[in-house]
Every structure is written in C-alpha cells, then in structure tokens.
Amino acid sequence: MKVLVLNSGSSSQKCRLYQVAPGAPLDPPPALWRAEIEWAATDSSASLRIENASGVRYNERIEAKTRAAAVERMLRGLWEGAAPAVRAPSEIQAVGHRIVHGGAEFRAPALIDERVLQAIARHAEIAPLHNRSEIEGVRLVEKFIGAVPQVAVFDTAFHRTLPRPATVYPGPYAWLDEGIERYGFHGINHRYCAERAERMLGKNSADLRVVTCHLGNGCSLAAVHGGHSVDTTMGFTPLEGLMMGTRSGSVDPGILIHLARKHGYTPDDLDRILNRESGLLGLSGVSSDLREVLAAARQGHSRAQLAFDVFLHRLRAGIGWMLASLGGLDALVFTAGIGENSSDVRAGACEPFAFLGLRLDPVKNADPAGDADIAMADSSIRVLVIRAQEDWAIARECRRLLESSAG
Ligand code: AMP
C-alpha cells in the first residue's frame, strides 16, 4: 500500500511516500519520495526540496503568499515535474497526518471524517499553529489527491494511558471541566522507540520499563511500562518539562505573575518569551542549536556553558522523575537530533545513574552506528540510541488502522 505522510511543523512541512507492506513491519524501508518546505522567517518565500527513490533531486525557491499554495506545489511534485514518484494521484492509497493535539478523546489513530476534523479544530485552541495547518493539509489532499482514506495520528494519543495522578494539575477542580490537564506530546516517536527498544532487547514488553528521551528542538521524556506510557514531561502544552531549543520548559508560574505585574506583559508577550526567546537560545544568547552552544562553550563562552549545564541538570531531573513513576528501569533510550547525535548529552545524562549500576560504554557512545546499544556488557540498565522515524511510524499506524477496519 502506498501511504503518503504529511507532517507539519511551525515553519516547515515534511512529506514522505512509503510502500507499506502488509502487517506494517517495524523496520523503516527507504521512502519512495520525500519533500520538505521551509518558510523563510522574513518574507513570504519558501524553499521546496524534493527527492524521489531514483535519487533525482529537485530544489525550488517558491513565492508562496499562503501556506496552502506552497503545500499544493509540493503535492503536485508527486506526479508532476522533475522528481515524481507516481504517474497519477490515484496511485496513493492512504494519507496519514501527524496531528499534534488530539485532546482527551483520541486514544488511537482515527479515520478522518467531518466529526474527527471538528474535534481536531476544537483542540486548535490549545495548539493553534499546528492543528490549523494540519486541517488545511487534510483539505488540500481532498482537493488535489481526491477521495483517499486519510488517517489522523495523534502526538497525544500514546499518553492517554497515564494514570490520573499524573494527568491532573493541582489547580482548582474546575480546570478539569475545561480540559486543563496533562496530555503529553511526541507520543508517535515515544511509542515507536518503546517498540523498537523491545525488539532490540528481545524482551517481553509486558515487563519492560523504558525511559525514552526525545531530545530535538522540542524535548520530552516518557516513562513506558509494558508498552504503555505511564508518565511524561510535557503537559497541557508542549511547553512543560525539559529545557528546549527556544522553549523554557517548566518555570515557576509565580515568575509569570511577577512579570505581568511588573512589566504589564500580555499573554502574547509571555507566549513569545517562553516559546521563542528562552531555552538554549535565551540563556546562551548564541543559538537554539546545541551544536553551536557547545562549540561556543568550548571557546570559553560562559553563557553557552551555563545553558548547557542547565539543559543537562533538567534532563537528569526529568529522568529521575520518570524513574520514580516506573519504579525500575530496563533501558534508557536517546532519540531525535540531540539524543541521536550528542555523546556529551548522553554521557552527562547517564552519569548520575551510575549508582544504579548503569554503565555507558564510552567508545560506543562516541560513535553509535545506527540504532545501537551503547551500554557496557555488565551495565544493569541498557542504553539505546534509536533514530526517530516519525513519518514511518505514521505510515505504519495508517496501514494498521486500515487493515483492522477492513478485517
Ligand atoms: P530535531 O528536532 O530532532 O530535528 O533536532 C534538531 C536539533 O538537534 C538541532 O537544533 C540541534 O540542536 C540538535 N543536533 C543535531 N545534531 C547534533 C549534534 N551533532 N550535536 C548536538 N546537537 C545536535
């Protein structure tokens, strides 16, 4: 089955086409086609990059007044232009969409119909940038690809198994009636990594206790027991928890009250400060990219060093939190841009847990090849590096849902 995946971010739009075999195996095959749009920060231009399975590459700078116009251009590249993948749109048999916020009602992927779209639109109040562009993506597929089954795969769904004490905020009880509770995010990749860890360790998932560390531009941890998420660091929004590239993560809410009173900050000001001007960028003043922060720290830049130290401190504290929710640990998994590539972060994150018998192999940590176990043979806890495969995970979920609804 040819499954197209749409994955929209705040400033980018990724798209992949996969051939998904029956049973939707865990191992990702190479994509048949990949495309990415990146919007310029300063004007309405965007860059479109396309590559098909024959390795034909196509780059275009597009003047796109609207997001929809750019996405249309990208979709047409599937069957038109220099690097197509199919002869006609009708060859695409299903489309999967990453939906950031599924609220309380979606515990699993859902076949998209008007009712599902309305529910996604309701959650746009909490995740406005994402959910609206995701709905737009569904409409554009309807328009340009036609009547193909479309599936919503939610970033929040994996965490719907969190026990009540982990989801309820200790504010007024009325918050619960307003849907103010902890949802958690990055669930598509946390779930994929937990499944992959189970496969790599050859263990029965019913007993397996794993902490998955998704460390990219956004960072979150999940505590996974028996294949179910039992705790996670992100909450009502993707702002809670760990320090991130430009997001603060958790801060004392009293700071916000203080700032609002002292400087008259509006909700939009606080949104900008906490989501875009904090984290690695805010503290270091150098960059939101950990590579640049680390390079500056090595040159003696004290604010960059401080940013790295705080990042690590909060990551370690977060792992400790997840450990308490699991009551034990079989494997610690590192994934996404930082988790996969930064040996400094992995070593720093593991260090305080040596007292549990966790022993990282420094040679394997320095250069893990693909998905790898980088713990010493006698370590009481395995340490795994697992490449994030979010788009493949969405394609699998899509095929699984369509197979189960057909069968
Ligand atoms: P992602 O959101 O998963 O694409 O991750 C992107 C982030 O990964 C970048 O902003 C970098 O901070 C980080 N990253 C990528 N490569 C490295 C590396 N070699 N060392 C440290 N951080 C890295």
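Basis for what follows: all heavy atoms, side chains included, without hydrogens, waters or symmetry-related copies. One-based numbering, in listed order, for ligands and for the atoms of each.
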Subject >> Residues T156 and H101: side-chain donor-acceptor under 3.5 angstrom >> reply: no

Subject >> Pairs meeting criterion salt bridge (Lys or Arg N to Asp or Glu O under 4.0 Å) with involvement of residues 368-389, two or more places apart >> reply: R196-D371, E340-R387, R359-D378, D373-R382

Subject >> Residue contacts for ligand 1, heavy atom to ligand atom, distance under 4.0 Å >> reply: G216, N217, D289, L290, R291, A336, G337, I338, N341, S342

Original post:
Please, which pairs that meet ring-ring contact (aromatic ring centres under 6.0 Å, His included) have at least one residue in residues 283-316, sequence neighbours excluded?
Top reply: none

Original post:
Short question: side chain of S342, backbone of I338 - any donor-acceptor pair under 3.5 Å?
Top reply: no

Original post:
If you round to the nearest 0.5 Å, how far is CG of N189 from CZ of F158?
Top reply: 10.5 Å

Which atom pairs, donor and acceptor, lie under 3.5 Å between side-chain atoms of residues 86-97 and protein residues at least two apart or in another chain?
unit_1 : atom_1 : unit_2 : atom_2 : d
E91    : OE2    : R87    : N      : 2.9
Q93    : OE1    : K2     : N      : 2.6
H97    : NE2    : Q150   : OE1    : 2.5

